[in-house]
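This report concerns only the one structure given below.
Count residues from 1 along the sequence.
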Amino acid sequence: MKINWIIFLFVTASCLAQKTTIYGVGDSTMANKVNPNENPEQGWLQVLAPFFNTSVVIDNRAVNGRSTRSFINENRWDSVVKVLKKGDYVFIQFGHNDQKVEDPKRYTNPHTAYRNNLIRFVTDTRAKGATAILFSSIVRRNFNEQGTLVDTHGEYPLEARLVAQEYDVPFIDLQYLTEKLEELYGVEGSKKLHLHFKSGETPYYKEDKEDDTHLSALGANEICKLVITALKKTDLALKKHIK
């Protein structure tokens with residue numbers, strides 16, 4: 001009996017060791033949301049798992065309100081590095097909260113602290129034999145009176161691109177891809193990608209809700225489709241796990 005139990009544990013450990021883990025580090029647009037069965041808001045990495053086969057595990061460490069600075073200073077990044085193993089992936093998407101110039105605990109200069117924090121994520125990941133993938137931030141739904149989608153991220157996406165280029169990091173330009181998505185849905189239709197609800201329309205919101213940053217279930221799933229399409233165009237081994 002004891003031998004059988006040891007064999008069972010060995011086989012179980014071997015199966016787990018063969019799993020590829022995707023770690024997500026980022027902000028609220030990526031993070032898991034509370035009360036997922038009731039909450040209309042979803043982060044895009046929260047709903048990515050069904051696009052992969054069972055050999056992939058997603059460990060979403062993204063947290064609402066975090067920037068590269070606060071994610072590091074709260075030791076959230078160190079907790080990821082400790083468990084990274086060879087063959088794993090780290091999806092990195094920051095920028096929304098690095099812009100918070102009024103908050104010194106989160107703000108980063110795009111050309112100095114933000115850039116170097118991204119470089120740290122990449123180099124630490126590679127030191128563990130894992131693969132970092134950089135993402136530019138998804139756009140906000142920010143149409144002007146003429147119906148033009150106006151950028152709100154400044155130079156942060158540019159720095160992500162430059163780090164990816166300089167360090168030869170796989171890069172998925174979600175800024176560009178979601179810009180096209182918002183424009184495809186149009187000024188009014190794109191509200192469905194975000195959180196636009198009248199009072200009483202959903203039990204979760206007691207008052208009117210107009211949020212052009214965070215994602216609805218539709219928006220999160222649409223972004224997952226963009227990510228999967230982009231991954232299929234890479235040379236990464238991860239794409240063989242896509243359904």
What pairs of residues pass the salt bridge (Lys or Arg N to Asp or Glu O under 4.0 Å) test when at least one of them lies in residues 179-201, not counting sequence neighbours?
Glu188-Lys191
With salt bridge (Lys or Arg N to Asp or Glu O under 4.0 Å) as the rule and sequence neighbours excluded, what pairs involving residues 107-124 come up?
Asp78-Arg120, Arg115-Glu159, Arg115-Glu166, Arg120-Asp124
Nearest heavy-atom contact between Pro170 and Ala132 is CD-O, 3.4 Å
Shared ILVMFWY cluster between Leu215 and Val187, side chains joined below 4.5 angstrom?
no
When you look at Val83 and Asp88, which way does the side-chain contact (heavy atoms from CB on, under 4.5 Å) test go after all the steps?
CA-CA 10 Å; Val83 295; Asp88 286 342; over 6 Å; no
Residues in side-chain contact (heavy atoms from CB on, under 4.5 Å) contact with Asp59, at least two apart in sequence or another chain
Thr21, Tyr23, Arg61
The test is side-chain contact (heavy atoms from CB on, under 4.5 Å); show your working for Thr213 and Thr152 and say whether it passes.
CA-CA 10 Å; Thr213 298; Thr152 65; over 6 Å; no
Once side-chain contact (heavy atoms from CB on, under 4.5 Å) is applied, do any residues pair with Asn32, and if so which ones, sequence neighbours excluded?
Gln46, Asn60
Just list the side-chain donor-acceptor pairs under 3.5 Å for residues 217-228, sequence neighbours left out, or say none.
{"unit_1": "Asn221", "atom_1": "ND2", "unit_2": "Ala217", "atom_2": "O", "d": "2.8"}
{"unit_1": "Glu222", "atom_1": "OE2", "unit_2": "Tyr185", "atom_2": "OH", "d": "2.4"}

Is the shortest side-chain heavy-atom distance between Lys105 and Ser70 below 4.5 Å?
no
Taking the hydrophobic residues Ile, Leu, Val, Met, Phe, Trp and Tyr, and joining any pair whose side-chain heavy atoms are under 4.5 Å apart, which ones share a cluster with Tyr204?
Val34, Leu195, Phe197, Tyr205
Within-4.5 Å side-chain heavy-atom neighbours: Asn116 and Thr108
no
Hydrophobic cluster membership, Val25 vs Val81, 4.5 Å side-chain cutoff:
yes
Could I get the full list of side-chain contact (heavy atoms from CB on, under 4.5 Å) partners for Val150, not counting sequence neighbours?
Asn142, Asn144
Taking atom OG of Ser137 and atom CG of Asp151, what is their separation to the nearest 0.5 Å?
10.0 Å
Which pairs with one or both residues in residues 126-144 pass salt bridge (Lys or Arg N to Asp or Glu O under 4.0 Å), sequence neighbours excluded?
Arg141-Asp212
Residue pairs meeting ring pair (Phe, Tyr, Trp, His ring centres under 6.0 Å), one or both in residues 131-158, sequence neighbours left out, come to Trp44-Phe135, Phe91-Phe135, His96-His153, Tyr114-Tyr156
Interatomic spacing from CZ in Arg161 to CZ in Phe171 - rounded to 0.5 Å:
5.0 Å
Provide the closest heavy-atom pair for Val163 versus Val169 in the form atom of the first, atom of the second, distance.
O-CG2, 4.3 Å
Kindly give the heavy-atom pair with the smallest separation between Asp98 and Tyr107, and that separation in Å.
O-CD1, 3.1 Å
Output for pair (His196 NE2, Asp208 CG), nearest 0.5 Å, gives 11.0 Å
Just checking Glu210: does its CD atom have more than 12 heavy atoms from other residues, nucleotides or ligands closer to it than 6.0 angstrom?
no
Quick one, Thr68 and Phe121 - any side-chain contact, counting heavy atoms below 4.5 Å?
yes
Can we say Asp103 and Lys100 salt-bridge, meaning some charged N sits less than 4.0 Å from an Asp/Glu carboxylate O?
no
With clusters defined by side-chain heavy atoms of hydrophobic residues (ILVMFWY) lying less than 4.5 Å apart, directly or transitively, does Tyr167 cluster with Leu84?
yes
Do you know the tightest heavy-atom contact between Ser190 and His194?
O-CD2, 3.4 Å
Measuring from atom CG of Leu48 to atom CG of Leu231, what distance do you get when rounded to the nearest 0.5 angstrom?
8.0 Å
Apply side-chain contact (heavy atoms from CB on, under 4.5 Å) to the pair Thr178 and Leu193, showing each step before the final yes or no.
CA-CA 10 Å; Thr178 55; Leu193 301 172; over 6 Å; no
Here the salt bridge (Lys or Arg N to Asp or Glu O under 4.0 Å) pairs for residues 36-54, sequence neighbours left out, are Lys33-Glu41
For Gly87 and Thr20, the nearest pair of non-hydrogen atoms, with its separation, is O-CG2, 3.4 Å
Is it the case that one hydrophobic cluster holds both Met30 and Leu118, taking links as side-chain heavy atoms less than 4.5 Å apart, direct or via other members?
no
Roughly how far, to the nearest 0.5 Å, is CD1 of Ile58 from CZ of Phe52?
6.0 Å
With sequence neighbours left out, which residue pairs that include part of residues 232-243 fulfil the side-chain hydrogen bond (donor to acceptor under 3.5 Å, both in side chains) condition?
Ser55-His241
With rounding to the nearest 0.5 angstrom, report the CD1 to CG distance, Ile138 to Leu181.
9.5 Å
Could you tell me if the side chain of Gln93 sits less than 4.5 Å from the side chain of Ile172, heavy atoms only?
no
List in chain and number order the residues that pass side-chain hydrogen bond (donor to acceptor under 3.5 Å, both in side chains) with Ser136, two or more places apart in sequence or in another chain; answer none if no residue qualifies.
Asp173
Heavy-atom closest pair, residues Arg76 and Ser79:
O-OG, 2.6 Å
Counting neighbours of CD on Gln146 that are heavy atoms of other residues, nucleotides or ligands and sit closer than 6.0 Å, is the number greater than 12?
yes
